[in-house]
Protein chains: 2
Amino acid sequence: MRKIPEPTVLRLSTYRRCLEDFKAQTNLPFVSSNELGRLAHRNAAIVRKDLSYFGEYGVPGKGYSVDHLLKHILRIMNLRREHRAVLVGAGNLGRALLGYPGFKKLGFRVVAAFDNDPRKVGRKIGEVAIFPVSKLKSEVERKKPAFGLITVPAAAAQESANLLVEAGVRAIINFAPARVWVPPRIVLRNVDLTRELEVASYYLG
Amino acid sequence: MRKIPEPTVLRLSTYRRCLEDFKAQTNLPFVSSNELGRLAHRNAAIVRKDLSYFGEYGVPGKGYSVDHLLKHILRIMNLRREHRAVLVGAGNLGRALLGYPGFKKLGFRVVAAFDNDPRKVGRKIGEVAIFPVSKLKSEVERKKPAFGLITVPAAAAQESANLLVEAGVRAIINFAPARVWVPPRIVLRNVDLTRELEVASYYLG
DNA sequence: CGTCTGTTGAGAAATATTTCACAATTTGAT
DNA sequence: ATCAAATTGTGAAATATTTCTCAACAGACG
Ligand SMILES: NC(=O)c1ccc[n+]([C@@H]2O[C@H](COP(=O)([O-])OP(=O)(O)OC[C@H]3O[C@@H](n4cnc5c(N)ncnc54)[C@H](O)[C@@H]3O)[C@@H](O)[C@H]2O)c1
Ligand SMILES: NC(=O)c1ccc[n+]([C@@H]2O[C@H](COP(=O)([O-])OP(=O)(O)OC[C@H]3O[C@@H](n4cnc5c(N)ncnc54)[C@H](O)[C@@H]3O)[C@@H](O)[C@H]2O)c1
């Protein structure tokens, strides 16, 4: 299989959401690349090219079957099974993420949270118990989550990443504004909540 | 001035952070494109090209003055003045954002929050008072924030955007997983907290 | 002063991504 | 069965972005 451009992977996630909205709103069985492009604010050609990397899903003259396409995208994105995740740093942002039902809807289940503040340890947020950081390794080895979410202050991000890697997670999502280094076998993605504010400021100026 | 590639603008924000870290950690007066590239996980050539779009800031043989470069980046990103913002949707995510000191450090000050839940109206989160949505227009017209942050459920995102645009904000940062439409004069940026999880899932698969 | 070193700035080349454009295909109507 | 309309999939062209390269330059040092 050809190498897929990263922009394509990012758009796939948008298409999924647009398809779900489209289905909920119109209940039509087919959608054209034109329509999907309009919903995703994209050119129709790139929609077709993106989808064609993974096979021929469309019906000339009709478009794409909404249900089939949704299934295909979930399969491509590896989202048809449950993913376990742990979270390090049960502060303001960590709490928001722990309480977010959207993760479970996507198949992500947070199975443990860790914090080094003794006042937080032992409490629960939603379904998720907060453990001391000293329990991170044993809990991860026991529950085998593939994902680690980092929501500690920037200064502690690298240290948290090290712990997660050593304990055996395979992917890290870092919400702290810090560049962390992980071994090449680990999938690392950064989420920067303030970057888009800065970028908007640039375009306003 | 030439048109600046969007990836360049995004990286500028990374360079700023890396420079601040570099300054705090080494206190050296100069940094080379090589070093900055290493910190930002980038090729040195692209660092130089990014910076050269905006003028010649470097000293051959030495590198870039850390302080000068930081000032330049802040000026380029329009971040040397205070920006006022309002937030719509004082739920889990909204609360986390309202309590985040990082915004103020960047010069963003949230001057009001709005929610349609009567139990939330009248309370304060940190310094920020929560108003009913019916007061959005008058408060925005009075306080003239340039930025509107949307942290309502996806189904209410478009409606919130409409209110913000009508009240006169010039930029919208949408944290809800929904595509919203705004007039072309408005700067719209989307922040998707779950996308990177999905993308990581793709690369794990 | 001349030479050596390290580094920039930017043109050229390479690579990546998006858009165009159209033959091929399916549908649905007559 | 034939045809018009709609829409796909994809090569080719266009555009955008990144990387390579190196002449030019500043500073250090003898
Ligand atoms: N809150 C936001 O809206 C927001 C916005 C943008 C970025 N961020 C980033 O997200 C991260 C978390 O932000 P927050 O607002 O939740 O901060 P916070 O201070 O509320 O929470 C951080 C949590 O991490 C815990 N912690 C600290 N060091 C730790 C360690 N070594 N191991 C385990 N736990 C540790 C703290 O006890 C605390 O509970 C920060 O890096 C912040 O910059 C947050
Ligand atoms: N919490 C997270 O970690 C997280 C993660 C990813 C995405 N998001 C997205 O961010 C948004 C907010 O998430 P949340 O967890 O804070 O949800 P939430 O339900 O906790 O908060 C939403 C808030 O918006 C208010 N609200 C609803 N309709 C409104 C309207 N029309 N006008 C004004 N206020 C209104 C509600 O009263 C509530 O206070 C959602 O779109 C969610 O999908 C959140």
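Source: prediction; values computed, not measured. These numbers come from the heavy atoms of this one structure, side chains and all, not from hydrogens, waters or symmetry mates.
- One atom, CD1 of B:I4, and another, C1' of D:dT15, lie 17 Å apart when rounded to the nearest Å.
- Phosphate contact (OP1/OP2 of C:dC20, side-chain N/O of A:N43, threshold under 4.0 Å): present.
- For A:Y64 and A:F30, the gap between ring centers reaches or exceeds 6.0 Å.
- If you check every strand for non-hydrogen atoms under 4.0 Å, A:F30 touches nothing.
- One atom, CD of A:E56, and another, C1' of D:dT7, lie 13 Å apart when rounded to the nearest Å.
- Taking the six-membered ring where the residue is Trp, B:H72 and B:Y57 present parallel rings, their angle staying beneath 30° rather than reaching 60°.
- Rounded to a whole Å, the CD1 atom of B:I46 is 17 Å from the P atom of C:dA14.
- The closest side-chain donor-acceptor pair between A:S52 and A:D50, if any, does not fall under 3.5 angstrom.
- Each of B:R179, B:E198, B:R195 was evaluated against A:T14; a single residue qualifies, B:R195, per the side chain to side chain donor-acceptor pair (under 3.5 Å) test.
- If you take NE2 of B:H68 and P of C:dT8, they are 16 Å apart, rounded to a whole angstrom.
- In this model, the phosphate group of C:dT18 is approached by a side-chain N or O of A:R11 to a distance below 4.0 Å at OP1 or OP2.
- Comparing A:A45 and A:G61 by the nucleotide of DNA chain D whose heavy atom lies nearest to each, the residue mapping closer to the 5' end is A:G61.
- For the pair B:D50 CG and D:dA16 P, the computed distance is 16 Å after rounding to whole Å.
- Along DNA chain C, the nucleotide nearest to A:T8 and the one nearest to B:V31 differ in position, and the one closer to the 5' end is contacted by B:V31.
- Taking 3.5 Å as the limit, the base of D:dT21 and the side chain of B:R48 contain a donor-acceptor pair of atoms between them.
- In the interface, the side chain of A:K49 is paired with the base of C:dT19 through a donor and an acceptor atom under 3.5 Å apart.
- In terms of phosphate contacts, A:S33 brings a side-chain nitrogen or oxygen within less than 4.0 Å of OP1 or OP2 of D:dT8.
- Closest contact between the side chain of B:V59 and the listed nucleotides C:dT18, C:dT26, D:dG27 involves D:dG27.
- Between B:Y64 and the phosphate of D:dA26, there is no side-chain N or O to OP1/OP2 separation shorter than 4.0 Å.
- Between B:Y57 and A:E6, the residue anchored nearer the 5' end of DNA chain C, judged by the nucleotide with its closest heavy atom, is B:Y57.
- Side-chain proximity of B:Y53 to the nucleotides D:dT8, C:dT19, D:dT18 is greatest for D:dT18.
- Regarding A:N34, its CG atom lies at a distance of 14 Å from the C1' atom of C:dT19, rounded to whole Å.
- Of the candidate nucleotides D:dT17, D:dT19, D:dT8, D:dT17 has the atom nearest to the side chain of B:P7.
- Using modelled atom types, one finds a donor on one side chain and an acceptor on the other under 3.5 Å when comparing A:N162 with A:Q158.
- Listed candidates were C:dT17, D:dG27, C:dG6. Nearest to the side chain of B:K62 is D:dG27.
- Remark: C1' of D:dG9 and CZ of A:F54 are 15 Å apart, rounded to the nearest angstrom.
- At a threshold of 4.5 Å between non-hydrogen side-chain atoms, the residues B:I4 and B:F54 count as touching.
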